[in-house]
There are 2 protein chains.
Amino acid sequence: MQTTGTPGAAEVACPISPVVDIVFSRWTTPILWTLNEFGRQRFVELERRIATVTPKVLTQRLRQLERDGLITRTYHPEVPPRVEYEISDLGRSLAPLFAHLATWASANLGSVERARHDYDARAPR
Amino acid sequence: MQTTGTPGAAEVACPISPVVDIVFSRWTTPILWTLNEFGRQRFVELERRIATVTPKVLTQRLRQLERDGLITRTYHPEVPPRVEYEISDLGRSLAPLFAHLATWASANLGSVERARHDYDARAPR
DNA sequence: CAGTATCCTTATGGATACTG
DNA sequence: CAGTATCCATAAGGATACTG
């Protein structure tokens, strides 16, 4: 969880905090995006595409996303074992939201960059 | 930052990670939402509305949001000092996105809850 | 009022090695 | 292959006290 964790006044004050905890916690967007973009994939493929994540952390996040119903995990009892991850319908329902976010980004990330530059110029060190 | 921090393969793999770091890092949604909902406010008012945040952390997040150009800070040199925070035009441009998020939440949070319940029932302990 | 400063606890994630 | 287990470093955040 990245925002407020346990329910409290912040949740009361901000109705979207619960969703943010589910959808935008660490590594969830790269995982969901990769799964949505490249389709059903095995653990190693995800590991390779999201190159900077360690197996331990990747497993943790995949379990969380599976528990939240955003992805599905299919285990094939073979040797060697094969596990496939796929985005669920619920997970796919986030696509328009992510597109909205991408649109905001391309329209406004430049302004954020400029604001940062100006701020740093005004308040040195 | 809550997602991937420094630029790396995850950013390459997921185009929305940079925005997520800016907009959905810890405490930012409660702050932006409160500012957008109740308008221009002083430090104490924010502190009271977002009851679980400490002054140290609130200051940190306000500085970050100010640097990113999402809010403005106005200092009135009086005794006692008065400081007012207000959402900027750039910050306000996030409103439709937040509304989109709220819509997704009301439509799908129930499914997430159910998925969690089912998962926990299947895999006890 | 609007923060800072300091100390401290905890959570998160990385590195590495190992297993069914 | 698909993870687990273990240990460790870092940093994010809380509690508390203090200041211009």
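Each chain gets a letter, A, B and so on, in the order the sequences are listed, and its residues count up from 1. As the structure is a prediction and not an experimental result, all values here were calculated from the model.
- A/Ile31 places its CD1 atom 14 Å from the C1' atom of C/dG13, with the value rounded to the nearest Å.
- There is a side-chain donor-acceptor pair under 3.5 Å between B/Ser25 and B/Gln64.
- With sequence neighbours excluded, the residues that form a side-chain contact (heavy atoms from CB on, under 4.5 Å) with A/Asn108 are A/Trp104, B/Leu90, B/Ser93.
- By the side-chain contact (heavy atoms from CB on, under 4.5 Å) test, B/Arg92 pairs with B/Asn36, B/Ile87, B/Asp89, sequence neighbours left out.
- Taking for each of B/Gln60 and B/Pro55 the nucleotide of DNA chain D with the nearest heavy atom, the 5'-most of the two is the partner of B/Gln60.
- Separating the CD atom of A/Glu47 from the P atom of D/dA2 is a distance of 9 Å, rounded to the nearest angstrom.
- For A/Gln41 and D/dG3, the CD to P distance is 14 Å, given to the nearest whole Å.
- Taking 4.5 Å as the limit, some side-chain heavy atom of A/Leu62 sits within range of a side-chain heavy atom of A/Ile31.
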Protein-nucleic acid N or O pairs under 3.5 Å, nucleotides 5-10 of chain C:
none

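- Among residues at least two apart or in separate chains, there is no ring pair (Phe, Tyr, Trp, His ring centres under 6.0 Å) pair with a member in residues 49-95 of chain A.
- Here B/Arg42 does not reach the OP1 or OP2 of C/dC1: none of its side-chain N or O atoms lies under 4.0 Å away.
- There is no side-chain donor-acceptor pair under 3.5 Å between A/Gln60 and A/Arg63.
- The CG-C1' distance, from B/Leu62 to C/dT4, rounds to 15 Å in whole Å.
- Applying the salt bridge (Lys or Arg N to Asp or Glu O under 4.0 Å) test to every pair with at least one member in residues 71-80 of chain A, sequence neighbours left out, gives these pairs: A/Glu78-A/Arg82.
- Remark: P of D/dA2 and CZ of A/Arg48 are 9 Å apart, rounded to the nearest angstrom.
- Straight-line distance from the CZ atom of A/Phe43 to the C1' atom of C/dG20: 15 Å, rounded to whole Å.
- We find that CZ of A/Arg26 is positioned 11 Å from P of C/dT12, with the value rounded to whole Å.
- Put simply, CD1 on B/Ile50 is 14 Å from P on D/dG13, counting in whole angstrom units.
- For A/Glu45, the side-chain contact (heavy atoms from CB on, under 4.5 Å) partners are A/Gln41, A/Arg42, A/Arg49, not counting sequence neighbours.
- Qualifying side-chain contact (heavy atoms from CB on, under 4.5 Å) partners for B/Ala115, counting only residues two or more places apart in sequence or in other chains: none.
- In secondary-structure terms, DNA chain D builds stems of at least 3 consecutive Watson-Crick or G-U pairs, each pair having both distances under 3.5 Å, at C:1-20 with D:1-20.
- Residues of residues 69-86 of chain B that place a heavy atom closer than 4.0 Å to DNA chain C, in numerical order, are B/Arg73, B/Pro80, B/Pro81, B/Arg82, B/Val83, B/Tyr85.
- Counting heavy atoms from C-beta on, the side chains of A/Ile22 and B/Arg116 come closer than 4.5 Å.
- The aromatic rings of B/His100 and A/His100 sit tilted, their planes meeting at an angle between 30° and 60°.
- A close approach under 4.0 Å does not occur between any side-chain nitrogen or oxygen of B/Arg63 and OP1 or OP2 of C/dA2.
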